[in-house]
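Accompanying notes for the structure given below.
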Amino acid sequence: MKKSRVIWMAALVMLLLAGCGQNATETPQPTTPVEQPSGSNTDPSTTEPTLKKQMVTVYYSDNNVMELQKEEQEITFAEDIEKYKKTLALLETPVKPDVHFPLWKDFKYHSITIDKGTLMIDTDSKNQFNMGSSGETMALDALKNTFFQFPEVKEIVFLEDGKKVETLMGHVDLSEPLKRDN
């Protein structure tokens, strides 16, 4: 009994230490406009918007939920708000699901907006999370590392069904915005 308790405590300490020092210091990749074929329509007022491609770094847990690991993925978007929506969707779908565990799987939200550096995510109150305090901390670190790679995102605020929240999963205080470390 004592041995299993010691192993459990050691694993918890390792998990907490793995989250320390995680810093989103990755240099953001420049966006590259991609021209889309306009077909036979030559009227400039009805042409499709120019799509941009960008490589983004997305953070997941390892399969043992001990440390964050990153993947590079490409997104295509026309407007900046789409960039944030597509990046949030990527937090649910690692390219290597056998190696990386998504901490934001089945996450539902109503809207994402950005204004003056504040990214606001209005979550759905029906979300079900069963990760405990260390899992919640790791999930929020994955989200921060992923979104703070965009230099225009200075802080992240969560709402739940349009109302201010104190916590998402019951453990980490979110009454104040999540702020960029630098």
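Everything numeric here is computed off the predicted structure, so don't read it as measured data. Start at 1 with the first residue, then count along the sequence.
Under the 4.5 Å side-chain heavy-atom criterion for ILVMFWY residues, no single connected hydrophobic cluster contains both Phe148 and Met120.
When side chains are defined from C-beta on, Leu91 counts as touching Phe147, because their heavy atoms get closer than 4.5 Å. By the 4.5 Å heavy-atom criterion applied to side chains, Lys108 and Lys126 are not counted as neighbours. In this structure the side chain of Asp80 never reaches within 4.5 angstrom of the side chain of Ile114, judged on heavy atoms. At least one side-chain heavy atom of Phe150 sits under 4.5 Å from a side-chain heavy atom of Gln54.
The side-chain contact (heavy atoms from CB on, under 4.5 Å) test applied to Lys105 returns Pro102, not counting sequence neighbours. In this structure, the side-chain contact (heavy atoms from CB on, under 4.5 Å) partners of Ala78, at least two apart in sequence or on a different chain, are Pro49, Leu51, Glu82. Glu74 is linked by a salt bridge (charged side-chain N to carboxylate O under 4.0 Å, His left out) to nothing, counting only residues two or more places apart in sequence or in another chain.
Side-chain atoms of Thr146 come within 3.5 Å of backbone atoms of Tyr59 as a donor-acceptor pair (strictly under, hydrogens ignored).
Counting only residues at least two apart or on different chains, the side-chain hydrogen bond (donor to acceptor under 3.5 Å, both in side chains) pairs with a member in residues 88-103 are Gln69-His100, Glu71-His100.
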Result block: side-chain N/O donor-acceptor pairs under 3.5 angstrom for residues 154-174, not counting sequence neighbours:
{"unit_1": "Lys154", "atom_1": "NZ", "unit_2": "Pro151", "atom_2": "O", "d": "2.7"}
{"unit_1": "Glu155", "atom_1": "OE1", "unit_2": "Lys179", "atom_2": "NZ", "d": "2.6"}
{"unit_1": "Glu155", "atom_1": "OE2", "unit_2": "Thr118", "atom_2": "OG1", "d": "2.8"}
{"unit_1": "Asp161", "atom_1": "OD1", "unit_2": "His110", "atom_2": "NE2", "d": "2.6"}
{"unit_1": "Asp161", "atom_1": "OD1", "unit_2": "Ser125", "atom_2": "N", "d": "3.2"}
{"unit_1": "Asp161", "atom_1": "OD2", "unit_2": "Ser125", "atom_2": "OG", "d": "2.5"}
{"unit_1": "Lys164", "atom_1": "NZ", "unit_2": "Ser175", "atom_2": "O", "d": "2.9"}
{"unit_1": "Thr167", "atom_1": "OG1", "unit_2": "Glu136", "atom_2": "OE2", "d": "3.3"}
{"unit_1": "Thr167", "atom_1": "OG1", "unit_2": "Gly170", "atom_2": "N", "d": "3.0"}
{"unit_1": "Thr167", "atom_1": "OG1", "unit_2": "His171", "atom_2": "N", "d": "3.2"}
{"unit_1": "Thr167", "atom_1": "OG1", "unit_2": "Val172", "atom_2": "O", "d": "2.9"}
{"unit_1": "Asp173", "atom_1": "OD1", "unit_2": "Ser175", "atom_2": "N", "d": "2.9"}
{"unit_1": "Asp173", "atom_1": "OD1", "unit_2": "Ser175", "atom_2": "OG", "d": "2.8"}
{"unit_1": "Asp173", "atom_1": "OD2", "unit_2": "Ser175", "atom_2": "OG", "d": "3.2"}

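Phe107 and Trp104 have perpendicular rings, their planes meeting at more than 60° on a 0 to 90° scale where under 30° would count as parallel.
One side chain, Tyr84 or Glu152, offers a donor N or O that lies under 3.5 Å from an acceptor on the other.
With Thr57 as the partner, the side chain to side chain donor-acceptor pair (under 3.5 Å) test is satisfied by one option alone out of Gln73, Lys70, Glu72: Glu72.
Residue Val95 belongs to no hydrophobic cluster, having no ILVMFWY side-chain heavy atom closer than 4.5 Å to its own.
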